[in-house]
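We name chains A, B, ... by the order of the sequence lines, and we start the count at 1 in each one. No experiment lies behind these values; they were computed from the predicted model shown.
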Amino acid sequence: MKGRDGRVKILKELLLSKLIEKLSTGQGQNDERPDHDVANERIGTEDGEEKVRRVLAAVSHAQDVETHRIGRGRSTIHLIFLKSLVDLNVQQRDVIKPMHLVVSKGGSTEQLRDTISINERDKVVRLDEAVAYLLSGWTLVAMPGEEGLYGFKTSQVPGRGVSKAENQSIVIGPQDGFTESIDTNLSLIRKRLRTPNLRVEGMKVGELTQTSVIVLSIKGVANEEYVEEMKERIGKIDVDALIDSGTLAQWIDDQPLSPFPQFNLVERPDSACSGLIDGKVVVLIDGTPYVCMGPSSFIEFFHSPEDYFNRWMSSSLVRLLRLFGVVVSITFSAIYVAVLTYHYEIIPANMLKTIAQSRARVPFPPLYEAVFLELTLEVLREAGVRLPTKVGQTMGIVGGIVIGQAAVSAGLTSNVMIIVVSLSALASFVTPSYVMGNAVRVIRFPIILIAGLWGFIGLSVGLVTILIHLLNLSSIGAPYMSPYASLRLADLKDTMIRVPTQLLTTRPAMTRAQKNKKAGNTSLKRK
Amino acid sequence: MERQGPSNTLNSIQLMFLIHTVPIGVGILGLVRFVADKAGHDAPLAILLSGVYTQAAVLFSWLLLRRFQTLGIYDIHRRLFGKWMGSVFSLLFAVYCLFAYFMTIRTFVELVNTWMFPLTPVWLLTLLFMIPIVYSAFCGIRLLGRYAISAFFLTAWIILLAYFPLSTGTLSHLFPIGSVGLNDLFQGSLLSALSLLGVELLLVYYPYVAYKKDVLPAASIASWSTILVYTVIAVVTIIFFSIGQLGKTIWPMLTMFKHVQVPFIERFETIIIAVWLVQVVNTSGTYLWAGIEGVRKAIPLKKGIVYSLIAAATLPLSQMINGRAEMNLLLNLLSKSGFYLMIGYPLLLWLISLILRRKGDAS
């Protein structure tokens with residue numbers, strides 16, 4: 001448990017130093033300063049009432065501050081805390097009740113302090129420190145005749161328990177997912193990685209939110225350059241609020257204008273762990289069940305943790321299917337449009353007849369037809385995401401029967417087009433990563449458009465441009481298209497296909513890990 | 001200036017793929033016909049023979065570059081001829097590169113005009129192709145190196161399609177091997193020059209190559225594998241066409257792929273042309289990058305400005321060329337100048353540097 005305590009200490013220090021710095025520098029570019037300037041003010045040995053008054057003045061905007069008194073007269077003990085952040089039961093049991101007992105017996109201040117059974121405690125003499133503790137849910141205690149205040153950790157943050165990973169679910173393998181609490185998330189990772197080399201570095205991001213961010217990496221495995229770069233980029237984020245890892249990933253992107261995500265967002269502790277083991281840097285953000293992981297390669301977004309739990313042949317097949325799905329979802333509608341508009345000569349005569357019959361009654365060119373249907377489908381999909389599950393069934397009927405069937409019989413669109421569009425939509429769902437799925441969804445439209453304008457040539461120009469863009473992308477400086485672009489032959493064994501587990505003995509070259517081997521020399525033969 | 005750190009270097013594999021794929025541009029589609037004009041049914045032999053030229057080019061370039069350690073051709077010009085004359089030579093070399101860039105793009109436009117879109121104006125197609133080409137060149141050498149690898153794998157499968165022409169061809173077209181005589185063989189091999197251009201860009205890549213020791217073997221392997229690809233295609237073409245037919249075909253490789261038959265696709269050459277854009281972007285983009293390197297070494301201008309100027313000039317120029325005759329004239333000029341530049345120029349510079357006793361780094 002040493003590591004955990006150490007982490008808490010680091011976090012505490014960071015939290016304090018950042019808050020103090022902010023308060024003392026007069027909020028930098030932020031012109032909203034509290035009415036009461038608390039920087040560098042000291043709390044001396046003044047009266048308890050006076051201490052409370054000063055702390056209250058420093059947080060005068062927070063009406064959820066509560067005070068509490070124990071005893072009377074000169075020996076009154078004052079408690080200050082934020083009701084919304086404090087676990088009142090714990091406070092009652094561990095702070096107030098024992099103190100009452102001591103006070104009623106007329107015990108000394110030392111006895112008062114010792115009777116409180118909360119381990120995490122601190123003595124504060126600076127007003128800004130006191131405010132920082134108060135805002136993190138601590139209970140501040142003003143003892144009679146003592147200098148400063150005592151702080152006890154009584155915080156309790158509401159949150160849900162560990163449950164199944166909802167959006168990156170798998171059939172076999174670990175089922176738990178991250179939660180909104182950074183402490184829980186860290187323990188989910190620690191639970192799996194019991195190495196003292198797991199490096200936990202805390203930071204605070206967001207002027208107003210003061211969101212805890214933890215940068216995780218394995219010392220001796222992860223490349224120090226990436227760790228430093230990641231920390232530097234996160235440190236440079238200057239923003240009022242940081243709510244989600246998706247936002248963080250966009251702040252630290254190599255190329256913010258790209259449609260492609262450059263950091264993998266995972267909600268599964270096991271994925272995060274295998275990332276760490278491969279030498280990646282994982283960033284936990286308080287308040288979101290998604291963690292941000294990098295450097296990430298393009299192909300990685302099409303991998304699922306299940307690929308390693310299944311047998312290698314089925315995993316390889318599934319991986320190939322996913323890639324096929326992506327290619328289909330980007331190009332299939334576009335190819336259909338291009339072929340029907342310009343290159344009908346490449347369709348064999350029999351097939352041409354079928355397509356022509358299907359299209360005979362349709363009054364639009366294929367491009368309009370495709371764009372119209374694709375848009376309808378996207379609208380259906382977007383509506384499906386927002387709708388409550390119970391209403392969702394209606395959607396299926398509206399989408400499938402009314403729009404699909406009726407549009408064809410009304411002669412607005414052809415059957416073949418519906419097949420093409422729904423196939424490409426279906427194929428787009430096989431991408432395990434939601435952010436990458438969205439990227440694919442976005443680039444489909446320009447590709448269809450350019451194919452409708454210039455046929456195969458336009459399609460080719462569009463795809464080549466995307467390819468160049470992908471090749472030019474990087475994730476914290478590592479080539480995004482690794483291992484294809486720099487051609488690391490050894491890494492190809494875990495990309496489009498996955499070779500038997502015994503052969504996966506090295507880390508990917510992309511992470512430039514300090515230790516290349518991750519398994520001993522193994523053989524496929526059982527001795 | 002771009003950063004000359006590890007982020008802007010080529011590793012040996014990338015260098016190899018660059019040297020291998022850049023010559024494979026539009027030239028290859030009509031290569032065998034040109035060579036067969038002189039070498040007849042021994043075109044494969046003639047093409048194999050032309051490997052000696054690229055090997056010589058690689059060797060001379062290497063001799064020159066090795067003498068100047070980390071410098072590329074543009075800096076060598078300065079070392080040899082001083083600031084002003086050096087810049088003039090650099091500009092000339094850059095103009096040649098830009099000419100090659102331009103002709104690649106223009107030939108492909110001609111091809112697309114002929115095979116797919118006869119009515120689409122030349123400037124529009126040029127503009128369309130310039131999007132990926134300028135983008136790739138603008139991203140710099142590291143991207144071009146990565147792109148060359150992708151280009152290779154994205155087009156390598158085409159060679160498998162040779163099965164279809166082979167299965168209907170006549171093997172005896174190839175025989176008797178070597179009967180055309182040495183003179184015709186030699187003349188034929190010279191005609192393949194256009195498809196060999198691209199090796200000379202080694203002079204420009206060199207400063208970016210991470211492991212200078214690998215340059216000679218990597219470049220040699222790469223150039224010979226290009227020749228090998230050409231030879232295979234020549235063999236297939238000669239087997240498929242008779243010499244008479246070949247003389248009447250402008251792009252034998254495409255005509256050959258008309259013959260591919262798969263149950264759900266006909267007229268396969270349409271797809272080949274679309275896929276071929278991958279190679280055209282590779283060749284053209286690399287030449288554009290090399291040319292602009294030279295322009296910027298000679299005249300200190302901002303990267304964006306040079307690219308905009310060149311791109312703006314490409315459109316009207318490409319519209320100005322009309323018909324096959326003019327094209328052939330220009331292509332002829334390109335292949336002649338390129339051929340001498342590829343082999344003679346590095347040799348000449350090397351000799352000059354020997355005479356002037358200039359060598360070493362800029363420092």
Proximity breakdown for B:Ile265 and chain A, heavy-atom pairs closer than 4.5 Å
both

Looking only at heavy atoms, the pair that brings B:Val275 and A:Ser460 closest together is N-OG, 4.5 Å

What part of B:Leu128 lies closer than 4.5 angstrom to a heavy atom of chain A: side chain, backbone, both or neither?
both

Need one label for B:Ser150: side chain, backbone, both or neither, based on atoms under 4.5 Å from any heavy atom in chain A.
side chain

Under 3.5 Å, is there a donor-acceptor pair between the side chain of B:Arg267 and the main chain of A:Glu345?
no

Side chain, backbone, both or neither: which part of B:Phe117 has an atom under 4.5 Å from a heavy atom of chain A?
side chain

Below 4.5 Å from any heavy atom of chain B, which atoms of A:Leu470 appear? Answer side chain, backbone, both or neither.
neither

Heavy-atom distance under 4.5 Å to chain A: side chain of B:Leu124, backbone, both or neither?
side chain

Locate the shortest heavy-atom distance separating B:Val281 from A:Ile468; write the atom from each residue and the value.
CG1-CD1, 4.0 Å

Under 4.5 Å from a heavy atom of chain B, the part of A:Ile347 involved:
backbone

A:Leu459 versus chain B, the contacting section by heavy-atom distance below 4.5 Å
neither

Which portion of A:Tyr484 sits near chain B, non-hydrogen atoms under 4.5 angstrom
backbone

What part of B:Phe268 gets within 4.5 angstrom of chain A, counting heavy atoms only: side chain, backbone, both, or neither?
neither

